[in-house]
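All remarks here apply to the structure that follows.
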Amino acid sequence: MYPVEACQEDIKNELRKLLTAYHFTGEIRLDIPPQGLGDFAFPCFALTPLLKKSPASIAQELAPKIPRTTWILKAEANGPYVNIFVDPATMTSSVIRIILEMKEKYGYLPKKKKKVIIEHTSANPNGPLHVGRARNPIIGDTLVRIFKAAGYQVESQFYLDDMGKQVAILTWGINNIQAKDIPIPETAKPDHQYVGFYQKAHERMKTDESVEASINELVKKSEYGDPVVLQMIHAAYNPVLQGIQTSLARINIRIDTYIPESMFVQDKSVEHVVHALQHTAYCHEEDNAFYLDMEPFHVHGKNTRFFFLRSDGTTLYATRDIAYHIWKARRADVLVDILGEDHRLESTQVSIALQLLKEKILPQVVFYAFVSLPGGKMSTRKGRVVYLDELIDECIERAYEEVKKRRAQDLSEKQMKTIAEVVGVGSLRYNIIKVQPEKDIVFKWEDALNFEGNAVPFIQYAHARASSILAKTGTQHPRFDATRLVHPSEINLVKQLTNLPCIIEDACNGCKPHLLANYLFETASAFNQFYRDCPVLAEQVASLRESRIALVAATKIVLCTALDLLGITAPEEM
RNA sequence: GGGCGUGUGGCCUAGCCUGGAUAAGGCACCGGCCUUCUAAGUCGGUAAUCGCGGGUUCGAAUCCCGCCACGUCCGCCA
């Protein structure tokens, strides 16, 4: 059990003993009071109906009865609250000890013996990833890391759309357009090479009906599971997909498994879905096509019919998605999907269908709003995009300028490049993950490349400062005496360190990766204050010096772990 | 037209699920701090009718209803 849990349990136990005497049986919830008013607070409002007294007088009555324990230093009544002050020596000694023992596993929760499949990115492989959807892999990969830390066995999956119109357009383009007829791409990456064919083919399709007919034929054949066509499509998108994988690798993302949509047509599982849906009470037929009436499930709008089988007997994207979810549910205990907000309705329809099919495991879905440009949204078709690769390059380039400005004298070119990479990639991931997924983001270069304040260099810098101190101490195993650490900046930092396990738990339970970003910022901030107030290397009293070294070592571990959960590297120097 | 999401100082964000103590940070702006562990840091200051209007409550940024603005969806597309 982590110190933070032990501490809260102790406080709740003591409160419970007191409150039982008043016949209070409700849940005991502890608040976090404002700065300076203690570590935990017990609000007394819930007791007023029981005791027929004002909450303030109840707090007055309760506070003196709370005993001193190893965890509880004192309790004070303050208005309607009983504010509890934790014994800093107990907290400090236990948390520093456990961090130094567990090292990079500090904060991790006990193994749960449950498997999670997290589906993310799942972009159409018709061109490079663009910034509009860049939140998807970053949110997804961060959740993969968080779920692992929370004790789950995790597999990440990319659902590969190999039967849609997008890949069909690409396939047609590659097979029918001359390379000389497309604009010369700026990079050699295959996704950038191929997107021109897609754009040109899309243009031709809009103006030439025979082109559209050929593309539709490709789509149709793929929907019937035609192996030759599927092979052709595969050949077309595969290099693009590899380009996408390269982009993801650049920002520390590796997806475990790629599941092609066609798999569920070829193995006939989608046919079973169709059959089963046709036998539900909500199924209707129109001109040989089948749909579910969504009205009874509180889906409103112009058209509440969810078509899952066309008149020609082929299935639709959502139908195959149902088969995919059933397949996933057989292989995991928990499913998480990361989807753009444009998929909200589709996702609801899939969930309803899954319930009709008596599926027990439904996906928890994280929807994100698109990143837009100041003038509006991005579009691969229209070529109005900022590609992820461009953004990565720009972030690294800008980071390099910053490093050079500060460290050109004392670092080698190679060192500066390495730091620029780590800072640039980290900035990108941090800036996206620190905002709740459902909030709109307007992409502005000046924000993406801003390296001050609540941005990743602030956190990495704190880590580098801690590393620098430790590198100069020479002691591998600092001996610490918690009673020496009494400065408010020391206590404050220790308190921050205690919270990591709770943050991991909350971030996992609520699928809220941004909590980690907030936590990191606060922890780095607490460390910077400590750094200002409490000299380590210059400290003359040996026991205090050693204790501070231990605190620095613990902080470094926490910063490194939390950064790693965001897929960000913690540099030793910068 | 309907569904869903979002709305917090000049700009951006946290807090909303689970109501409670002076609404917490960052950017920008103003003024301090480098003979001391990297100043990508730090301290202080100016700045908010928490979109608007009702309601519930001892108490609402938080819950409920209505309205407004923005985004998104409402294909036998994916």
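Letters go in sequence order (proteins before strands), and every chain restarts at 1.
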key: Residues A/Glu546, A/Arg484: salt bridge by 4.0 Å N-O rule   =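 Salt bridge absent between A/Glu546 and A/Arg484.
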Checking all strands, does [X] fall into the base, sugar-phosphate, or nothing category for heavy-atom contacts under 4.0 angstrom?
X	answer
A/Ala455	nothing
A/Tyr531	base
A/Val552	nothing
A/Cys534	base
A/Pro33	base
A/Pro34	base
A/Ala464	base

Check the phosphate of [N] against [X], side-chain N and O only, distance under 4.0 Å to OP1 or OP2. Yes or no?
X	N	value
A/Tyr461	B/A39	yes
A/Arg545	B/C37	no
A/Lys439	B/C12	no
A/Gln460	B/A40	no
A/Ser468	B/U38	yes
A/Gln436	B/G5	no
A/Asn528	B/U42	yes
A/His514	B/G15	yes

Determine the interatomic distance between [atom1] on [N] and the same-named atom on [M]; round to the nearest Å.
N	M	atom1	value
B/C58	B/U42	P	45 Å
B/U8	B/G15	P	14 Å
B/C4	B/G41	P	43 Å
B/C12	B/U6	C1'	15 Å
B/A78	B/C68	C1'	33 Å
B/C29	B/C67	P	43 Å
B/G54	B/C11	P	25 Å
B/A14	B/A48	C1'	15 Å

query = Is the base of B/C70 syn or anti, where syn means the angle lies within 90° of 0?
reply =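 What B/C70 shows is an anti base, its glycosidic angle lying more than 90° from 0.
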ask   = Is the side chain of A/Ser57 donor-acceptor paired with the backbone N or O of A/Lys53 at a distance under 3.5 Å, no angle test?
value =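 No, because the side chain of A/Ser57 does not come within donor-acceptor range (under 3.5 Å) of the backbone of A/Lys53.
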Do [X] and [Y] have side chains that get closer than 4.5 Å, going by heavy atoms?
X	Y	value
A/Glu573	A/Leu411	yes
A/Ser347	A/Phe367	yes
A/Thr48	A/Ser54	no

request  = Sort out for me which residue in A/Phe306, A/Tyr282, A/Phe307, A/Phe308 forms a ring pair (Phe, Tyr, Trp, His ring centres under 6.0 Å) with A/Tyr291.
outcome  =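 With A/Tyr291 as partner, A/Phe306, A/Tyr282, A/Phe307, A/Phe308 yield a single ring pair (Phe, Tyr, Trp, His ring centres under 6.0 Å), made by A/Phe307.
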key: Nearest atoms (heavy-atom pairs only) where A/Ser262 meets A/Asp162   =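 The answer is OG-OD2, 2.6 Å.
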Sequence neighbours excluded and cut-off under 3.5 Å, please list the side-chain donor-acceptor pairs for residues 508-517 of chain A, or say none.
| unit_1 | atom_1 | unit_2 | atom_2 | d |
| --- | --- | --- | --- | --- |
| A/Asn509 | ND2 | A/Glu505 | O | 3.4 |

Under 3.5 Å donor-acceptor pair, A/Arg406 side-chain atoms to B/U38 base atoms =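 No, no donor-acceptor pair under 3.5 Å.
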inquiry  = With hydrogens left out and only the distance checked, is there a donor-acceptor pair under 3.5 Å joining A/Asp31's side chain and the base of B/A21?
reply    =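 No.
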Report the base-pairing partner of [N] (Watson-Crick or G-U wobble, both distances below 3.5 angstrom), or none.
N	result
B/G19	none
B/G5	B/C70
B/G44	B/C30

Rounding to a whole Å, what distance do you find between [X]:[atom1] and [N]:[atom2]?
X	N	atom1	atom2	result
A/Glu438	B/C16	CD	C1'	11 Å
A/Asn454	B/G25	CG	P	13 Å
A/Phe40	B/A21	CZ	P	17 Å
A/Leu551	B/C37	CG	P	19 Å
A/Arg532	B/A39	CZ	P	13 Å
A/Gln409	B/A39	CD	P	15 Å
A/Phe530	B/G41	CZ	C1'	15 Å
A/Phe521	B/A24	CZ	P	15 Å

ask   = Do A/Asn528 and A/Arg465 have side-chain N/O donor and acceptor atoms under 3.5 Å apart?
value =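 Yes - a donor-acceptor pair under 3.5 Å links their side chains.
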key: Pairwise 5' ranking along RNA chain B for A/His298 and A/Val403, keeping only the more 5' one   =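 The 5'-side residue here is A/His298.
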Can you say whether the rings of [X] and [Y] are parallel (under 30°), tilted (30 to 60°) or perpendicular (over 60°)?
X	Y	answer
A/His234	A/Tyr237	perpendicular
A/His343	A/Tyr317	perpendicular
A/Phe370	A/Tyr368	perpendicular

key: Residue A/Leu537, side-chain heavy atoms: nucleotide from B/G15, B/U42, B/C37 that is nearest   =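 Closest of the options to the side chain of A/Leu537: B/C37.
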message = For nucleotides 71-78 of chain B, give me one character per nucleotide, 5' to 3': B if any protein heavy atom sits under 4.0 Å from the base, S if the only such contacts are to the sugar-phosphate, - if neither.
response = SSSBSBSB
query = Which is it for A/Leu309 and A/Thr319 under the side chain to side chain contact (heavy atoms under 4.5 Å, CB included) test, yes or no, and what are the steps along the way?
reply = CA-CA 8 Å; A/Leu309 189 70; A/Thr319 323; over 6 Å; no
Protein-nucleotides 56-59 of chain B N/O pairs closer than 3.5 Å?
none

